[in-house]
Asks: 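Before I ask anything, let me first share the structure, which is written out below as structure tokens.
Along the sequence shown, residues carry numbers from 1.
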Amino acid sequence: MATTRGGSEVRRFISQLPSKLEKQVLRGAARAGGKIIEAEAKERSISSDVDEAIVMRTKLEAGRITVKITVRKGWGRAIANWLEYGTDAHFITIAKDESGGKSVARFNATTKRSMVIGGKFVGETIFHPGAKPHPFLRPSLDIKGAEAIAAAQSYINAHVTRSGIVASAEPEGDDG
């Protein structure tokens, strides 16, 4: 009868394989694909404020890896929403400052409150015709989805070899 050695080591290696793949390979593959979409979103955006605020995060939860490309809170996110979806026509009116803080309006020669656009006083209320949408996040996935999948597959191929898993425990530059 034949005898074998190392059976317990092989079983332990195989039992740890799913966890190692999740943590060491698949999250990095998700980031590799996400970087393609993130770069496309930055390229399609027409605002440097939005470009600087676009971020990518990966998350590993209950065996599921997700990549989220979003715009950080702040001015960049406000502009991003206006760009992505556009705005309806609307009135802009100077708000009365009851708190004693600085007013957003300037005073003209007659000391009436007035907004200034392009160096000219335009009055207390103006009508904004709205803005056409200029989507950049939603189309990025449609345009670069196949390339992102190929980048993820390439990452996996480079990090899973016949000799084992050759990836670090933490994907480089991970945001979350």
Side-chain angles (χ1 to χ4, degrees), residues 1-90 92 128-176:
M1 176 178 277
T3 60
T4 61
R5 290 183 295 191
S8 61
E9 289 86 2
V10 170
R11 282 189 289 283
R12 186 175 21 196
F13 175 79
I14 290 175
S15 70
Q16 293 172 347
L17 196 54
S19 175
K20 282 187 172 188
L21 282 172
E22 279 178 354
K23 293 176 183 170
Q24 297 180 357
V25 178
L26 297 180
R27 195 165 181 184
R31 284 192 59 77
K35 285 179 184 180
I36 302 292
I37 307 300
E38 178 186 31
E40 179 68 16
K42 287 181 178 184
E43 188 172 314
R44 295 184 64 76
S45 165
I46 58 172
S47 167
S48 60
D49 290 325
V50 173
D51 294 349
E52 293 170 8
I54 293 174
V55 294
M56 176 185 55
R57 291 190 170 87
T58 61
K59 186 176 184 180
L60 172 61
E61 186 173 41
R64 183 181 197 134
I65 299 166
T66 58
V67 176
K68 190 173 191 178
I69 299 164
T70 187
V71 182
R72 262 181 277 176
K73 290 183 181 179
W75 183 241
R77 181 180 281 177
I79 295 172
N81 286 331
W82 298 332
L83 285 177
E84 187 78 13
Y85 300 103
T87 62
D88 290 335
H90 58 281
I92 302 172
H128 188 288
K132 291 181 182 177
H134 189 280
F136 62 97
L137 276 176
R138 295 172 294 157
S140 295
L141 180 59
D142 295 336
I143 292 166
K144 294 289 186 168
E147 189 177 327
I149 291 169
Q153 184 62 58
S154 178
Y155 185 96
I156 292 168
N157 292 345
H159 291 84
V160 177
T161 66
R162 290 185 186 272
S163 60
I165 297 171
V166 290
S168 64
E170 289 294 322
E172 61 278 350
D174 193 44
D175 294 331

Asks: Search all heavy atoms of A148 against all heavy atoms of I37 and return the closest pair with its distance.
Replies: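 Closest pair (atom of A148, atom of I37, distance): CB-CD1, 3.8 Å.
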
Asks: Test side chain to side chain contact (heavy atoms under 4.5 Å, CB included) on Q153 and N157; report intermediate values, then the result.
Replies: CA-CA 6 Å; Q153 184 62 58; N157 292 345; 2.9 Å; yes

Asks: Atom CZ in R57, atom CZ in R31: separation rounded to 0.5 Å?
Replies: 10.5 Å

Asks: If I take atom CG from residue L60 and atom CD from residue E22, how far apart are they, to the nearest 0.5 angstrom?
Replies: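 It is 5.0 Å, given to the nearest 0.5 Å.
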
Asks: Heavy-atom count around E43 CD within 6.0 Å, excluding the residue itself: above 12?
Replies: no

Asks: Treating S154 as the side-chain partner and A151 as the backbone partner, does any N or O pair qualify as donor plus acceptor under 3.5 Å?
Replies: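 No, S154 side chain to A151 backbone: no donor-acceptor pair under 3.5 Å.
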
Asks: With rounding to the nearest 0.5 angstrom, report the NZ to CZ distance, K144 to R44.
Replies: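 The distance works out to 10.0 Å.
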
Asks: Mind checking salt bridge (Lys or Arg N to Asp or Glu O under 4.0 Å) for E61 and listing every partner two or more places apart, or none if nothing turns up?
Replies: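 With neighbours one apart ignored, the set is K59.
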
Asks: To the nearest 0.5 angstrom, please state how far the CD1 atom of I36 sits from the CG atom of L141.
Replies: 12.5 Å

Asks: Can you sort out the partners of E52 under salt bridge (Lys or Arg N to Asp or Glu O under 4.0 Å), two or more places apart, ordered by chain and number?
Replies: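 Counting only residues at least two positions away or on another chain, E52 forms no salt bridge (Lys or Arg N to Asp or Glu O under 4.0 Å).
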
Asks: Holding to salt bridge (Lys or Arg N to Asp or Glu O under 4.0 Å), I want the full list of residues that pass it with R138, two or more places apart in sequence or in another chain.
Replies: E84

Asks: Measuring from atom CG of D142 to atom CG of L137, what distance do you get when rounded to the nearest 0.5 angstrom?
Replies: 11.5 Å

Asks: For V160, which residues count as a side-chain contact (heavy atoms from CB on, under 4.5 Å) partner, sequence neighbours excluded?
Replies: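 side-chain contact (heavy atoms from CB on, under 4.5 Å) check on V160 returns L21, V25, I156.
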
Asks: Check whether S45 reaches the backbone of A41 with its side chain - one donor and one acceptor, N or O, closer than 3.5 Å.
Replies: no

Asks: Which atom pair, heavy atoms only, marks the closest approach of P133 to Y85?
Replies: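 Smallest interatomic distance, heavy atoms only, reads CB-C, 3.5 Å.
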
Asks: Nearest heavy-atom pair of I65 and A30: which atoms, and what distance?
Replies: CG2-CB, 3.7 Å

Asks: If the condition is ring-ring contact (aromatic ring centres under 6.0 Å, His included), which residues does H128 pass it with, not counting sequence neighbours?
Replies: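 Counting only residues at least two positions away or on another chain, H128 forms a ring-ring contact (aromatic ring centres under 6.0 Å, His included) with H90.
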
Asks: Over all heavy atoms of both residues, which pair between A53 and G76 is shortest? Give the atoms and the distance, please.
Replies: CB-CA, 4.2 Å

Asks: Which pairs with one or both residues in residues 37-84 pass ring pair (Phe, Tyr, Trp, His ring centres under 6.0 Å), sequence neighbours excluded?
Replies: W75-W82

Asks: For the residue pair S47 and L83, what are the closest heavy atoms and their distance?
Replies: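 It is CB-CD1, 4.0 Å.
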
Asks: How close do R77 and R72 get, heavy atom to heavy atom, and via which atoms?
Replies: CB-O, 3.3 Å

Asks: Under a 3.5 Å distance rule, please check whether R27 uses its side chain to pair with a backbone N or O of T58 as donor and acceptor.
Replies: yes

